[in-house]
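In this text the structure is predicted, and so the values were computed from the model without any measurement.
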Amino acid sequence: MKIRILQGVEGAKRARGLVVIIDVFRAFTLECYLFSAGVERIFPIGSVEEARVLKVRNPAYVLAGERDGRKLPDFDLGNAPSEVKGHTFHGKTVVHTTSAGTQGIANAAGADEILGCSLVNAAATAAYIRRSGAAEVSLVCMGWAGVRKTEEDTLCARYIESLLNGTTLDMQAELSLVRQGEGAKFFDPARQDVFPEADFYCCTAVDAFDFVLKLHTDGEIPYIKNEVICDG
């Protein structure tokens with residue numbers, strides 16, 4: 001198995017084989033919490049305009065998303081997993097657009113298959129990859145807005161790679177570095193309206209979920225559903 005770690009939107013464009021789009025802070029962490037709260041499916045959308053059109057056509061859909069971390073005007077949800085944790089969204093369809101994660105999906109045109117991933121479902125993603133028999137795997141770290149490398153997404157890719165290769169990472173030490181770096185914004189009193197402290201703990205709950213986020217293309221618009229993985 002050939003494994004490549006790529007960065008940002010440009011990395012998504014170069015990705016081939018089984019492609020894993022990684023966004024820890026916070027797109028695919030949020031999607032994991034949404035599925036755990038009962039969501040039926042999620043439409044990952046690149047543009048704000050397309051997301052709004054889907055909502056207008058389907059008023060029962062839940063519209064979620066951000067730009068520069070901030071909840072978009074007139075959206076039902078932003079991009080904060082702590083906002084949905086503990087709530088129910090049973091049977092709901094979500095339309096989700098973000099600065100990084102959904103942009104990766106929109107730009108991964110060369111993929112044979114696409115998964116969304118964050119630290120909270122990394123082991124399940126690695127288990128899926130092992131079972132897939134894929135000859136080539138692209139781990140795409142979306143970083144900040146798809147243009148700047150960030151340590152949490154690269155850590156997630158390295159963690160998946162280590163699970164596939166049978167090596168280990170000191171995740172406690174790694175997450176300590178993330179908290180001091182890109183994660184520091186979640187502990188800034190002046191930014192709690194955009195990056196609440198609770199989100200950091202939601203996003204760094206490593207392997208909290210046993211399912212993958214799998215993109216399906218059998219409909220008019222590609223959609224994500226969760227698929228439970230029982231490794232072993």
Side-chain angles (χ1 to χ4, degrees), residues 9 12-13 19-109 111-118 120-121 124-125 128 140 142 145-146 193-196 199 202-203 208-229:
V9 167
K13 291 177 180 177
V19 175
V20 181
I21 305 295
I22 297 170
D23 190 340
V24 174
F25 293 159
R26 294 168 290 180
F28 297 125
T29 299
L30 172 65
E31 292 195 5
C32 284
Y33 281 94
L34 284 168
F35 279 115
S36 73
V39 161
E40 175 67 21
R41 62 178 175 173
I42 296 174
F43 290 114
I45 303 297
S47 78
V48 175
E49 294 75 17
E50 184 182 353
R52 285 199 169 108
V53 167
L54 274 176
K55 171 71 171 181
V56 169
R57 292 176 179 172
N58 304 274
Y61 286 1
V62 176
L63 193 55
E66 56 74 32
R67 288 298 183 270
D68 296 322
R70 293 186 176 278
K71 177 182 174 182
L72 288 157
D74 304 321
F75 273 47
D76 302 305
L77 297 171
N79 203 40
S82 61
E83 186 179 1
V84 305
K85 186 177 181 182
H87 294 273
T88 182
F89 293 84
H90 183 71
K92 294 290 187 180
T93 292
V94 174
V95 179
H96 191 203
T97 182
T98 70
S99 303
T102 68
Q103 304 306 318
I105 290 177
N107 281 279
D112 296 330
E113 184 175 3
I114 297 177
L115 303 176
C117 184
S118 70
V120 299
N121 72 331
T125 301
Y128 182 95
V140 184
M142 291 311 299
D193 59 327
V194 181
F195 299 109
D199 273 7
C202 288
C203 292
F209 300 107
D210 62 353
F211 54 77
V212 296
L213 305 176
K214 185 174 181 179
L215 187 74
H216 294 260
T217 57
D218 56 329
E220 181 181 351
I221 302 171
Y223 61 94
I224 290 174
K225 293 201 76 170
N226 64 322
E227 180 176 317
V228 175
I229 302 297

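In terms of modelled atom types and a separation under 3.5 Å, the side chain of N121 and the main chain of C117 share no donor-acceptor contact. Looking at D23, its side chain does come within 3.5 Å of a backbone N or O of R26 through a donor-acceptor pair. Looking at E66, its side chain never comes within 3.5 Å of a backbone N or O of L72 through a donor-acceptor pair. Listed for the N107 side chain is a donor-acceptor partner under 3.5 Å among the backbone atoms of Q103. Side-chain N or O atoms of D76 include one that pairs as donor or acceptor with a backbone N or O of L63 at under 3.5 Å. With hydrogens and angles disregarded, no donor-acceptor distance shorter than 3.5 Å links the side chain of N226 to the backbone of F35. In this structure, T97 contributes its side chain and G46 its backbone to a donor-acceptor pair below 3.5 Å.
Between F89 and L34 the shortest side-chain heavy-atom distance falls below 4.5 Å. In this structure, F28 and I21 have side chains that are in contact, with non-hydrogen atoms separated by less than 4.5 Å. No side-chain heavy atom of L77 sits under 4.5 Å from any side-chain heavy atom of V94. Between K55 and V95, every side-chain heavy-atom pair lies at or beyond the 4.5 Å cut-off. Contact check for C32 versus F211: side-chain heavy atoms found under the 4.5 Å cut-off. The shortest distance between side-chain heavy atoms of P73 and R52 falls below 4.5 Å. Under the 4.5 Å side-chain criterion, counting only non-hydrogen atoms from C-beta, V20 is in contact with T125.
Closest non-hydrogen pair, C203 versus P81, comes out as SG-CG, 4.1 Å. The nearest pair of heavy atoms linking A80 to L30 is O-CD1, 3.7 Å.
Within 6.0 Å of NZ in K92 there are 12 or fewer heavy atoms belonging to other residues, nucleotides or ligands. Residue D193 places its CG atom among more than 12 non-hydrogen atoms of other residues, nucleotides or ligands, all under 6.0 Å distant.
Tested against N79 for a side chain to side chain contact (heavy atoms under 4.5 Å, CB included), the candidates K71, R67, H96 yield a single pass: H96.
Separation of the Y33 and F209 ring centroids falls under the 6.0 Å cut-off.
Looking only at atom types and distance, the side chain of Y128 has a donor-acceptor partner in the side chain of K214 under 3.5 Å away.
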